[in-house]
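Notes to accompany the following structure.
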Amino acid sequence: QVQLVESGGGLVQAGGSLRLSCAASGSIFSINTMAWYRQAPGKQRELVAATTSGGNTNYADSVKGRFTISRDNAKNTVYLQMNSLKPEDTDVYYCAAGRRGSLYSSIGMDYWGKGTPVTVSS
């Protein structure tokens, strides 16, 4: 089992920045892919960014050039640096991890955190 705990969400003005963190614990040796998703009430969950242990990454078109996903394997933590935030980035952000997870969808993502809310005011 792997436990994921997100932190770093909050309220920020449009144009501002936030950095989300996701700390993993448990059987983390089995994890290859880690990712950030976001979801608003009543809306479909959306992949924001994903990364593999080998350093491959994928970003949603809506965040390319503004968000950066990074991974500190020594700390078992994945980060999402979010710059130039827009009101449409307002969502609950979830961390996910998978042994054979896809960079492009939630297929193979075995573990999920409880989410951290991000609110961007205009």
Side-chain angles (χ1 to χ4, degrees):
Q1 285 292 328
V2 173
Q3 294 78 42
L4 303 173
V5 178
E6 303 99 334
S7 61
L11 173 64
V12 64
Q13 287 190 332
S17 298
L18 281 175
R19 189 176 81 154
L20 305 184
S21 299
C22 172
S25 61
S27 301
I28 54 177
F29 61 89
S30 63
I31 297 302
N32 178 43
T33 306
M34 297 192 75
W36 288 95
Y37 285 76
R38 63 188 182 187
Q39 186 173 24
K43 294 179 66 176
Q44 199 164 7
R45 181 173 54 197
E46 175 190 22
L47 172 65
V48 177
T51 183
T52 65
S53 57
N56 295 316
T57 58
N58 178 49
Y59 294 91
D61 288 342
S62 59
V63 307
K64 281 180 181 176
R66 300 189 298 123
F67 291 11
T68 302
I69 189 170
S70 61
R71 186 169 176 170
D72 187 334
N73 291 322
K75 294 183 178 180
N76 301 320
T77 300
V78 64
Y79 304 97
L80 185 67
Q81 178 67 43
M82 306 187 294
N83 298 329
S84 302
L85 282 161
K86 304 175 181 180
E88 51 263 44
D89 294 318
T90 296
D91 263 323
V92 178
Y93 284 70
Y94 297 90
C95 179
R99 289 164 291 184
R100 299 183 184 86
S102 169
L103 276 174
Y104 305 100
S105 75
S106 61
I107 294 174
M109 302 307 280
D110 305 303
Y111 308 102
W112 294 82
K114 294 184 178 180
T116 185
V118 171
T119 303
V120 183
S121 63
S122 56

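- Side-chain N or O atoms of T51 include one that pairs as donor or acceptor with a backbone N or O of N56 at under 3.5 Å.
- Between M34 and L4 the shortest side-chain heavy-atom distance falls below 4.5 Å.
- The shortest heavy-atom contact between A60 and E46 is CB-OE2, 4.3 Å.
- Using modelled atom types and a 3.5 Å distance limit, the side chains of Y79 and R19 yield no donor-acceptor pair.
- Hydrophobic clustering keeps Y94 apart from I31 (ILVMFWY residues linked when any side-chain heavy atoms are closer than 4.5 Å, directly or through intermediates).
- A 4.5 Å side-chain heavy-atom check between V120 and V118 finds at least one atom pair inside the cut-off.
- Every pair passing disulfide bond (SG atoms under 2.5 Å apart) that includes a residue from residues 10-122 is listed here, sequence neighbours excluded: C22-C95.
- Checked against the 6.0 Å centroid threshold, F67 and W36 do not count as a close aromatic pair.
- Between E88 atom CD and S62 atom OG the span is 8.5 Å, to the nearest 0.5 Å.
- Although no hydrogens or angles enter the test, the distance criterion places a donor-acceptor pair under 3.5 Å between the side chain of T33 and the main chain of G101.
- Using a distance-only test at 3.5 Å, with no hydrogens or angles considered, a donor-acceptor pair links the side chain of E6 to the main chain of K114.
- Taking OG of S53 as the reference point, atom CD1 of I28 lies at 12.0 Å (rounded to 0.5 Å).
- Remark: the backbone N or O of S84 is paired with a side-chain donor or acceptor of R66 at under 3.5 angstrom.
- Contact check for R99 versus V2: no side-chain heavy atoms found under the 4.5 Å cut-off.
- By the 4.0 Å N-to-carboxylate-O rule, K86 lies too far from D89 to be salt-bridged with it.
- With 3.5 Å as the limit, one finds no donor-acceptor pair spanning the side chains of D72 and T77.
- One N or O on the side chain of Y37 and one on the backbone of S106 form a donor-acceptor pair closer than 3.5 Å.
- Here the CG atom belonging to N83 is positioned 6.5 Å from the OG1 atom belonging to T68, to the nearest 0.5 angstrom.
- V48 and Y59 fall within the same hydrophobic cluster, where Ile, Leu, Val, Met, Phe, Trp and Tyr residues are linked whenever their side-chain heavy atoms come under 4.5 Å apart, directly or through other members.
- The CG atom of L20 sits 8.0 Å away from the OG atom of S7 when rounded to the nearest 0.5 Å.
- A 4.5 Å side-chain heavy-atom check between M82 and Y93 finds at least one atom pair inside the cut-off.
- To the nearest 0.5 Å, the span separating CG on L80 from CZ on R38 amounts to 9.0 Å.
- M109 has its side chain out of reach of S102: every pair of non-hydrogen atoms, C-beta onward, lies at least 4.5 Å apart.
- At least one side-chain heavy atom of V78 sits less than 4.5 Å from a side-chain heavy atom of I69.
- Residues T116 and V92 are not in side-chain contact: their nearest non-hydrogen atoms beyond the backbone lie 4.5 Å or more apart.
- With a 4.5 Å cut-off on side-chain heavy atoms, Y111 and Q3 do not count as touching.
- Under a 3.5 Å cut-off, the side chain of D91 and the backbone N or O of A40 do form a donor-acceptor pair.
- Closest heavy-atom contact between A50 and L47: CB-CD1, 4.2 Å.
- Side-chain contact annotation: T52 with N32, donor-acceptor N/O pair under 3.5 Å absent.
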